[in-house]
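Computed over heavy atoms, backbone and side chain alike; hydrogens, waters and symmetry mates excluded. Nothing here was measured: the structure is a model prediction, and the numbers come from that model.
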Amino acid sequence: VEYGYDEDPNFELDFYGGRTLKLDPKTELKLQGLVTIFPDDRTPGPTLNFVQAGASLIRKEGPLTLTGQTTYVPEGSYGAGQIWRVEGGADYALTKALALKALAGHQTSERRPARSYWSLGAELKWRFLILDVRYQATDLTRAECGFNPDICGGALTGAVTAVLPLILF
């Protein structure tokens, strides 16, 4: 985690829970909860920690997967207040390991500017690793971004995720 100031946290922990309901052979409804904690948060002022609830509707048609999602945060990071988000996405699997991805969404916040955002990219799966590379942007100006204006420009981003089996002791 790098927010661009001296006291920013070095890592975050995310805890997910939820339930998936099969509506028909090609459609799922996912109900989810998330708790995000920054254990070494030394940010002056309100906490960065938050909880979130959400629902996703997912439809699969061959190699195409369409997703609609909405989420609600009762008290967002650093005093943002209530946050609502709605987004839609499309993934197209070229192979079992490679998919093209598109996403567009809108977020409103009680005490922050509303924003729309989008991304286009690709995801590559290999063994237990997932590499995600995408270009993403938002409609916020750099002035609307607050203390770190660099996060509002369009950017090429990447993420590597390790999917490890759950080990129960």
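The 12-atom threshold is exceeded at NZ of Lys22, counting heavy atoms of other residues, nucleotides or ligands nearer than 6.0 Å.
Closest non-hydrogen pair, Ala80 versus Ile83, comes out as CB-CD1, 4.0 Å. Considering every non-hydrogen atom in both Pro39 and Leu13, the closest pair reads CG-CD1, 3.7 Å. Nearest heavy-atom pair, Gly154 versus Ala137, reported as atom, atom and distance to 0.1 Å: CA-CB, 3.9 Å. Smallest separation of non-hydrogen atoms from Phe50 and Glu75: CB-O, 3.7 Å. Minimum heavy-atom separation, Gln32 to Ser56: OE1-OG, 3.8 Å. The shortest non-hydrogen separation linking Asp91 to Ala102 is OD1-N, 4.4 Å.
You'll find the side chain of Thr36 stays beyond 4.5 Å of the side chain of Gln52, heavy atoms only. Contact check for Thr70 versus Tyr72: no side-chain heavy atoms found under the 4.5 Å cut-off. Lys101 is listed as a side-chain neighbour of Asp132, based on a closest heavy-atom distance under 4.5 Å. Using a 4.5 Å heavy-atom threshold, the side chains of Leu57 and Leu23 count as touching.
Between the His106 side chain and the Arg115 main chain, a donor and an acceptor come within less than 3.5 Å of each other. Judged purely by atom type and a 3.5 angstrom limit, Asp139 uses its side chain to pair as donor or acceptor with the backbone of Ser116. Judged by distance alone, with hydrogens and angles left aside, the side-chain atoms of Ser119 form no donor-acceptor pair with the main-chain N or O of Arg134 at under 3.5 Å. With Thr71 contributing its side chain and Ala53 its backbone, the two residues share no donor-acceptor pair below 3.5 Å.
In this structure, Gln107 CD and Leu140 CG are separated by 9.0 Å, a value rounded to the nearest 0.5 Å. Atom NZ of Lys26 is separated from atom CG of Leu66 by 11.5 Å, given to the nearest 0.5 angstrom. Here the CG atom belonging to Leu156 is positioned 11.5 Å from the CG atom belonging to Leu120, to the nearest 0.5 angstrom. Rounding to the nearest 0.5 angstrom, the gap separating the OG1 atom in Thr27 from the NZ atom in Lys60 is 10.5 Å.
A single hydrophobic cluster is not seen to contain both Val163 and Trp126; linkage of ILVMFWY side chains at heavy-atom distances under 4.5 Å, directly or through other members, places them apart. Residues Phe128 and Ile130 do not share a hydrophobic cluster, defined by chaining ILVMFWY side chains whose heavy atoms lie under 4.5 Å apart. By the criterion of side-chain heavy atoms lying less than 4.5 angstrom apart, applied directly or through intervening Ile, Leu, Val, Met, Phe, Trp or Tyr residues, Leu31 is not grouped with Tyr16; the two fall into different hydrophobic clusters. Val133 and Leu129 fall within a single hydrophobic cluster, where Ile, Leu, Val, Met, Phe, Trp and Tyr are joined by side-chain heavy atoms under 4.5 Å apart, directly or via other members. Linking Ile, Leu, Val, Met, Phe, Trp and Tyr whenever their side-chain heavy atoms come within less than 4.5 Å leaves Ile58 and Tyr92 in two separate clusters.
Considering Ile37, Leu34, Val51 in turn, Ile37 is the only one that fulfils the side chain to side chain contact (heavy atoms under 4.5 Å, CB included) rule with Phe15.
Under the 4.0 Å criterion applied to side-chain N and carboxylate O atoms, Asp24 and Arg59 are assigned as salt-bridge partners.
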